[in-house]
Structures are given as C-alpha cells and as structure tokens.
Amino acid sequence: MDQKVDYKSTLNLPDTPFPMRGDLAKREPNWVAEWQQRKLYEKIREKSKGRPKFILHDGPPYANAAIHIGHAVNKILKDVVVKSKQLAGYDAVYVPGWDCHGMPIEIFVEKNHGKNLPPEKLMSLARAHAESQVELQKADFIRLGVLGDWDHPYKTMNFATEAAEIRALGGILGRGYIYRGLKPVNWCFDCQSALAEAEVEYEDKTSITIDVGFPIVDDGERDKLAKAFGLTNLPDGPTFAVIWTTTPWTIPANQALNVHPEFDYALVATSRGHLVLAKERVDECLKTYNLEGKVVAIAKGLALERIAFRHPFYDRVSPVFLGEYVTLDTGTGIVHSSPAYGVDDFNSCKRYGMTNDEILNPVMGNGQYASTLPLFGGLNIWKAQPEIVKTIEAAGALFQTSNFKHSYPHCWRHKTPTVFRTTAQWFIGMDLKAKDEDKTLRELALAAIDATNFYPAWGKARLHSMIAHRPDWCISRQRKWGTPIPFFLHKETGELHPRTAELLEQVAQRVEKEGIEVWQRITVEELLGAEAAHYDKINDTLDVWLDSGATFRTVMAATPALAKPSNDGKPAQADLYLEGSDQHRGWFHSSLLVSCALDGRAPYESLLTHGFTVDAQGRKMSKSLGNTVVPQKISDTLGAEILRLWAGLTDYSGELSISDEILKRVVESYRRIRNTLRFLLANTADFDATKDALPVEDWLEIDRYALLLTTELQKKVLDHYEKFEFQPGMQAIQNFCSEDLGGFYLDILKDRLYTTGTQSRSRRAAQSALHHILQSLTKLIAPVLSFTAEEIWATISPSGPDGPESVFLHQYHALPPIRDAEMLGARYTRLKAIRSIATATIEGAREQKLVGSSLQAEIDLAVGEADMKLLQSFGDDLKFLFITSAATVSAGATHEPVVLVKPSTHSKCERCWHYRADVGSNTEHPTICGRCVSNLFGEGEKRFYA
RNA sequence: UGCCGCUUAGCUCAGGAGUAGAGCAGUCGGUUGAUAACCGACAGGCCGCUGGUGCGAAUCCAGCAGCGGCGACCA
C-alpha cells in the first residue's frame, strides 16, 4: 500500500439531490401544476373519508380586481389552518368561494357599457365580468400554494345559490323578522341606493357651516315667546331662533327646530334684533357673529315647546320640538330638523305627530333636488349649497358661514359623502321575536356570540358591542345586479300578498333554472293571475351582505362535502370562520344575524381574526404612499413560500408588517430550515427505514435525547397549531433547527455518520433518529412551508406509478416513545451547560492561535463531584460530545467546571481528522488511526453514548 | 371625543416583580467532509415616556405620547 489511498471515499458523506437553494419562484409553479394534474385535493378527500370533518367555511372575497396582500394573508392563513387540521387527522375540507353580486361590478359595467342598459343586458354583462374576476383571483390564490376544491368553488351568483337565498329570505320572513318601513337610511347618490351600516365608512370632509336665523312667525307667537321668557311683551324688532348646521342642503327640507328641554335659553338683544340662543353658547355665538349683545331674559327649553318660527326663505312654519339629543358642544343649542334627512330629526318629528305624507323629501335618489322644489329644483344638493347660503343671506337670515372639517360618513365603494335619506325600505328587525322564540333577534345574536370561541379573545367584546348597538338591518337596495326581493305588494294596503311564502318558492324554482335574471321576465299576471291588477311587483334587490351572510345556508348546508352530521335537525355549524378584523362588521356580523334569524344560533363555533398589513413603520399600505407590497411580485421573485413563511412567522393578531428588510429576514429563516432538512435528507439517503431502522432501545444515548427534543418540539408546535398560533410554532421550529440540531446534535453526529461503518449499529442508530426527526419536522412545517415539505416528501418517497406521493396524504408523525426521558433530559441539560463553558474556552485558545478546529484540542474538565460522575459516565464517548480529540475529567477545586485546553501533540488522522496516538499503528495504513482501521476493516469501534 | 389593542436588541418575537432572552442580521474567528452551507465567540436594549405601590417594577397601578382598530346623531 505505497500508493496514496483515497480515504475520503471511504467516508459516508452526505448525499442528496435535494438542492441547497429552493429556487422557489421558478419551481413552485411546477408543484402547483402537479397538485392540480394529480388531483391532490380529491385524493386527500378520498383518503380522509370517515375521519371527523373540520370545516373552515370560506368567507367569499369580492370578485373584483387582482388580489392584494390582504387577500394573500387571509388565504394563506386559511390554508395553513386547513392543512394543519388535515395533518392532525381531520377530513379538512376547503371549498373557496366568491361574492359576485353588488355595486362594484355593477359600477364597472356601467362605466364600460354606459348607464341605463336594459336590466337583463346589464346582468349578463355583470355575470360575465364576475366570472372573469373569479378566474383571475383563483389563479393568484392557487399560485400561493393554497389547496382547495378549486374546480368546484362556490359563487354567490350560482343559480342554485341565488335560489337558496330567496328561500332563506322566505325563511327569515316566515319567522317574522322582516318588515317594510319608512326611515332615514344611509344613502349613496352614486349608488342611488340605500346602504347598510357596513357599507359606510368615515372620512374627513370639509363642510360649509351656517348659522341661520328663523324669524318668529307672527304676533300670536311673539306673545307665546314673551310668556316663555317671563316677559309681558317681546321687545320690538325682529326676533330669531338661530340654528347652526353643517349641511345647508337640508335647509330647504327644514320642518322643525329642536331645543333641549333642560337647557337654559337666552333672549339676547343685538343690533340685528333679538336672538334666541342656548345660554351657554351666547358668548361664543356673538363673537362669531361679530355682534354685541345683552341677555334680556332666560327660559328653559321646555317652555319653548311648539312655539312657531318661520322658514328663512319658504313660506312655511317651523315649530320648536323638544329633543334630548341636543348638545351644547358646538352651535347655538338649537338644532334645525329636517325629518327626511336625519335620524333624530325623523324620530322627533314623528313623535310630534308628523305623518309620513307630511315629511318633505325634495332630494331625489341621484342627489338632485326635485324639479318641483322652488329656487333650487334640479340642482345637485352639494352644488346648490352656495346658492342656498346666498338665498339665506338675501333673506337677512344668515348670521355666519365658514368651513368646517369633520369626520363624515362616506360610501365605501364610491368614497363619496353619503346622507341620511328617508325612504321606504325593507328591514330585518333587531328587536323582533320569532313566533317560537322568547328572545329578540338581537338577544339571540348576543347569546350566540357568548357561545362562540374568539381568537383572539377581544373579538367577542367587539362583535358584542356592535350587535348590541346596531339599528335594524336595511336589506333592500335599489339596484339591479343582486338577488331580487321577489315580493308582491297590495296596491291599496301595501301589504304583502297572503301567499308570499308559496310565491317565493315558485320564484326560487325559476331562479334555480334561469338565474336571478328571470325576475325581470316574470310578470305579475304570471304568478297572480286575476289578482294581478291589485299588486305591484317589487324591483328592489337584496343587500349583498345578505348573499354572503347566508352562505352557511345557501352553500354550506347545500354542499354535501361541507355538511357535517347534525344532531339537532338544524344544519351543523362550521368549525371556523377566519377573516380580517374588518369582518366583525361585515361577514362575521351578517352571517351571525342571518343564522340567528333562521336557526337561532351562530353559523360558526369559532371565529379567528387577523389584522391588516402595514409597512415597516406601521403605516397602512396605500398606493399614494407607494408602500404597497404586491403578492404576485413576491411569488415571482422570492417565491410564494417566502410569503407563506412570512405569514407563519408574524403574529397576525395585530397588524402584520411587511417590508423588504422583513422579507430578507424571512428568507434567512427559510434557508436555515431548508438546509437543516437537507442535511437530514443527505444523511439518510442510504437509509431505508423499513429495513435499516433500529429500535429505540438499540440507539446510542444522544440519539434518544435527540428524539426526546423532537418529541418535545412536536408537542409544543402542535399545541400551538391547535390554537391557530403559527408564529410561536414556526419560531420554535427555527430555534430547534439552529440550537438543538445545528448547534448540538447534528454537529456532534457528523463524526459518527461519516466515519463509522456504513451499516454499523452506531450509524444506523443515528440514521434511525434522523429518520424520525425528518419525518416529524417535514410534517410540522408542511402547513406553512407546503412547497418545501412536498419537495422533501418527493425526495423521501420517490414517485410511484401515480406520480410523487404527497405529504398531505399523511398525518403528523407518530414518534416512538422514550422510556428514560426524564433521566435523559436531566443528563443532557447539565452536559450542555458544561459544554458551553468548554466551547468558550476553546474559542479563547483559538484566539491565541493554539488551535484552529476544535479537533486539534484536547481538553480536561476539572469539575465537582456530581459533574464528575456525570461526565465519567460517558466513558470514551465524552470527547465526541465536545468535538475534541480527547476529553478527560479531573477533580476540580470549584463547583463550576474549569476547562483546560491544550493542542494535541498527536498526529491528525487523515480520515477522521481526530488527533490520536494510534495514527499509523497499523503499518498498512500509516496515515489513519486505529479507530478508522477498525471501522474500515475490523469490527468497528464500540460507541454507547455519542 | 369614548372604548380596545400594541409599544422589549437593526428585523421577527419570548419573558412577566428579584442581576434583560432566542432566532435572524452585524462584527471577529474557525472550518472547507451541510461549502452561495456549517460551527463558535463577541457586540448590541434608560424593556415608549412620567409618576405611584413594593426592599425591589420591563413586569402591578395611574396618567401621557405614538401607532392601529372600533365606536360617535356633531345636526
């Protein structure tokens, strides 16, 4: 053996086709395509038959425009939940859905094809547009690695769903919750429709404010006013009740003035006559009016009741009504009341006996004054405001005008200011009781909230207070692209047709076949025959929030895959609804009300909420700030896997911040996890668990300890997953890879894996442990790092005739039990403490250039009695634990171990790199040590601990 | 304006009355048999601010600030 021997080739070095770099952006689309081609979702369903179902019912995104980061977060979290439940042994079904009716699509169609299209034309264009948007978003969702029944998603515009919604409407009506009422409702002039609470958002708006004087009507009223102020006569000259408003456009509809019964009102003498103002507001008002004034008399608001003033420019009387809602914060303490355009105004006027017919409503649905309105007919109300101010001024009634910035309701679709407008609408009454219920709908909903689990817990208080305070739900819309409210009203009485339930079913059957468009074609005669002459057909549509709010019934209960067995005759609840926190007033809310109206309980057992995405500074994402992060771009550069890991590593209960730096950190985390898994793969490449695995009892001690750490990790992570806490789970995995594996077990293990006999017990024991760790970790990361887990799985279990196997067809790994867990934990906890002292000391020696690699060092550990016993118990294997060439133990003077490091004086074994006295002891192999000779040609070294 | 939540190292997050923690990033070094990887050491924090109760507060209490959310009839 004179020739140089290639000992390196005798080592068992890592070997794997699994690349170090994921090349995610490029390779992910292949996985996605493969999942689709192999019908993975269906295979999982097949395999899970008979297991308990876990239903995460998808909240339908609105079918409009490409997805943004918020959509991505939501879908990824849903996917992580579903997969974690699937791996936990459930049949975790996921049927994605889309919200397809409603304004944005209708607006889109109007923009592109013009207004005033024939209804059926509009609807077919809307349907086609919605369909295209569903496809667009679907592709983006699939690209994120989300598994679901993408071939059979639900759409609220499916004929069957539309029909089911009409039946649900019938159900709610049948239970007695629906009524028609004349009320002020939120109104958007751009929608030309009523809006629900959830469709209104507050934005800053600058309004024109005016202070307007309403002159006292006549001598009779002057006397009453004098009396109210305890005067015998009202002083001569003009007398005004002065009001302040931020909505001059409501002045033409003014029909009353409101004062607070308890407040003091002053009669103030000024150069412009006598003014009635709240006493507390006098000084400030006079200042703004630039007037000197003197309080002549004081009266309680109560005394002013029903005294009549005159409208500033119309020949009309405006009486004083009492209102508790009047405040003294701003204004004059007197509020002008236009019952058609304010909730309080409406209520107080009704209380004073005003009939519906008496309420003036000169503003049309499009925001213009009716042509019949004197002075301003045909004008847009916002544009008319300066004119109104001028008119008031010309009438000598204007005391002040200025601009005022305040928070004001806006349409969340159009972003334009909304108003309250009194119209006849259909409502679901919050405080109504069904015939067989002793609780009101509101009470039912509150009780249902109590019975629901919230993640995080504060969601409960939030939804509770919303439901407790919300007004009745206005469910009718004056639009076309929506589920019709197919009612017939009696022309004289305004009553619903007595056979409404039956008629609804007839319409539902038609809709089931022809879609909601059919309502446009159905004539009154067709359904009512001879009665037709007495009935009007309603053309309102339903609020889209009812579409999505009813999906637990129209979709979940109607889709066999989503239906869980029910034990009480009512459809089973979903296990979970998971949406952004804005859905407390959206889908969580509407679903709760519809479900309580129909079934008297919530449609879900648990609610999970996540926050919104913000940038690194915590600012909201907005196009104008230029801080938006586009999911498609991340998928195409870093890979969707990075976005998934970002979601998994972020505490989603608050805001989720994302930025380039944050993503960079996520990429680092990804590499760490990926490379650890790669090492496990590479060192078990020649290991066939079915043939080579050793029972735990035959492993070396440190292998059992590694198994113990893995068992603890898996338990911890699964406990977190159970509570939908992915961030701490993923962080634990990351730490496990760095600390327990990279920094300890794997580092120590390399010598044994590489140098001992390929099939030796020592090596097979290590591989047995690595096998279990790999199995466990791969499945633990799979919910979040789905692509990577699948790639690992394909490496572990190569393709069968059916293509590569999927990790998602499996469950979390069942780790073998460990008998001596407690003892192992104690031993190695102390060992690691001693080890960190040793590594620090070796580092010191390295700095002094005494040693380079730790294998150049020999250490002596001077320790106390207990530690001595511990360390000696490792016998000859002790050095392996410290990755030194030798490790001895001696009695130390102190309790704390003292480590002595010296460079080895022996030669370095060419093969195992240990410095040993027996290098060259075998003359046939002069450059390697006795240990290597034995491992290569003899019985192999005996190891028991490491 | 009211209520709720958050505020700990450059980043993501733990901890929760008793001498500040992890991972990643940074710096330095080792290794070159996980190599665009791996190992080690080091450095880095008035634990948002101000008070209070404790022997002792990042931790409990009060107030304030910033950020976020929700609510609000400002006619």
Side-chain angles (χ1 to χ4, degrees), chain A residues 8 11-16 20-21 184 202 207 209 243-247 250 258 323 325-327 329-332 334-338 341-345 347 404 406-409 420 456 458-459 461-463 465-466 469-470 581-582 584-585 611-612 614 616-620 646 649-651 653-655 657 659 661-672 674-683 727-728 730-739 742-744 746-747 750-751 753-755 836 839-844 846-847 849 851-856 883 911-913:
Chain A
K8 181 166 169 177
L11 294 167
N12 311 297
L13 292 179
D15 173 32
T16 178
M20 189 149 75
R21 296 241 155 180
Y202 285 77
S207 297
T209 74
I243 63 96
W244 176 76
T245 181
T246 58
T247 54
T250 59
N258 289 152
Y325 68 90
V326 175
T327 64
D329 307 341
T330 47
T332 63
I334 305 176
V335 174
H336 113 84
S337 174
S338 37
Y341 306 115
V343 176
D344 289 314
D345 313 44
N347 291 338
F404 182 70
H406 59 143
S407 168
Y408 189 87
F420 274 101
W458 50 255
R462 182 157 162 196
L463 190 54
S465 90
M466 267 177 197
H469 298 120
R470 68 155 295 148
S581 60
D582 59 332
H584 282 95
R585 81 164 172 176
F612 286 116
V614 299
Q617 280 74 47
R619 295 172 308 188
K620 263 199 241 182
W646 165 73
L649 281 171
T650 304
D651 175 5
S653 67
E655 299 153 12
S657 40
S659 67
E661 161 153 26
I662 291 169
L663 285 171
K664 218 157 133 188
R665 292 292 92 78
V666 174
V667 170
E668 304 289 346
S669 298
Y670 176 75
R671 287 213 193 110
R672 172 45 121 176
R674 181 180 178 92
N675 271 308
T676 304
L677 269 323
R678 177 171 179 265
F679 184 86
L680 299 177
L681 282 170
N683 283 289
Q727 185 272 329
M730 289 310 290
Q731 192 145 54
I733 289 171
Q734 202 184 332
N735 283 2
F736 178 76
C737 288
S738 291
E739 299 234 287
F744 184 70
L746 299 183
D747 206 21
K750 283 181 208 167
D751 178 82
L753 287 167
Y754 301 166
T755 68
S836 74
T839 49
T841 315
I842 295 169
E843 183 66 23
R846 190 153 30 225
E847 272 166 25
K849 306 283 177 201
V851 295
S853 121
S854 63
L855 280 176
Q856 282 174 29
I883 318 184
R911 183 170 178 273
C912 73
W913 293 350

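As the structure is a prediction and not an experimental result, all values here were calculated from the model. Numbered from 1 within each chain, the chains take letters A, B, ... in sequence-line order.
- Under the side-chain contact (heavy atoms from CB on, under 4.5 Å) criterion, A/Ser653 pairs with A/Pro456, A/Asp651, not counting sequence neighbours.
- Comparing A/Phe744 and A/Tyr754, the nucleotide of RNA chain B nearest to each residue sits closer to the 5' end for A/Tyr754.
- In this structure, A/Asn675 reaches the bases: a heavy-atom distance under 4.0 Å links it to at least one base atom across the strands shown.
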Item to check | Secondary structure of RNA chain B in dot-bracket form (Watson-Crick or G-U wobble, distances below 3.5 Å, | marking inter-strand pairs) | outcome: .((((((..((((....[..)))).(((((.......))))).....(((((..]....))))))))))).....
Next on the checklist: Let's go through A/Lys750 and A/Asp747 carefully: what are the C-alpha distance in whole Å and the side-chain angles of both, what is the deciding distance for salt bridge (charged side-chain N to carboxylate O under 4.0 Å, His left out) to 0.1 Å, and is it a yes or a no?
Outcome noted: CA-CA 6 Å; A/Lys750 283 181 208 167; A/Asp747 206 21; 3.5 Å; yes
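- Here A/Thr839 does not reach the OP1 or OP2 of B/C39: none of its side-chain N or O atoms lies under 4.0 Å away.
- Judged purely by distance below 3.5 Å, without hydrogens or angles, the side chains of A/Arg672 and A/Ser738 pair a donor atom with an acceptor atom.
- For the C1' atoms, the distance linking B/C47 with B/G18 amounts to 16 Å, nearest Å.
- A/Thr250 is linked by a side chain to side chain donor-acceptor pair (under 3.5 Å) to A/Thr247, A/His336, counting only residues two or more places apart in sequence or in another chain.
- A/Leu649 and A/Gln727 get closest at one heavy-atom pair: O-CG, 3.2 Å.
- Every side-chain contact (heavy atoms from CB on, under 4.5 Å) that A/Thr839 has, sequence neighbours left out, goes to A/Ser836.
- Of the residues in residues 663-671 of chain A, those placing a heavy atom less than 4.0 Å from an atom of RNA chain B are A/Arg665, A/Glu668, in numerical order.
- Residue A/Ser738 places at least one side-chain N or O closer than 4.0 Å to OP1 or OP2 of B/C24.
- Every residue meeting the side chain to side chain donor-acceptor pair (under 3.5 Å) condition with A/Tyr670, not counting sequence neighbours, appears here in chain and number order: A/Arg674, A/Thr788.
- In this structure A/Arg462 satisfies the side chain to side chain donor-acceptor pair (under 3.5 Å) test with no other residue, sequence neighbours excluded.
- The residue A/Thr247 sits close only to the backbone: its heavy atoms come under 4.0 Å of sugar-phosphate atoms, none of a base.
- Residue whose closest nucleotide on RNA chain B sits further toward the 5' end, between A/Glu739 and A/Asn683: A/Glu739.
- Not counting sequence neighbours, the partners of A/Glu661 by the side-chain contact (heavy atoms from CB on, under 4.5 Å) test are A/Ser659, A/Arg665.
- Looking at residues two or more places apart in sequence or on another chain, you find no side chain to side chain donor-acceptor pair (under 3.5 Å) involving A/Asn675.
- Residues passing the side-chain contact (heavy atoms from CB on, under 4.5 Å) test with A/Val335 are A/Asn258, A/Tyr325, A/Val326, sequence neighbours excluded.
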Checklist outcome for this item: B/S/- along nucleotides 1-7 of chain B (protein heavy atoms under 4.0 Å) is -------
Checklist outcome for this item: Going 5' to 3' through nucleotides 26-32 of chain B and flagging B where a protein heavy-atom sits under 4.0 Å of the base, S where only the sugar-phosphate is that close, and - otherwise, we get ---SSSS
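- Among the protein residues, A/Arg674 comes within range of no part of the nucleic acid, since none of its heavy atoms lies under 4.0 Å from any strand.
- One finds a side-chain N or O of A/Thr246 lying less than 4.0 angstrom from the OP1 or OP2 phosphate oxygen of B/A75.
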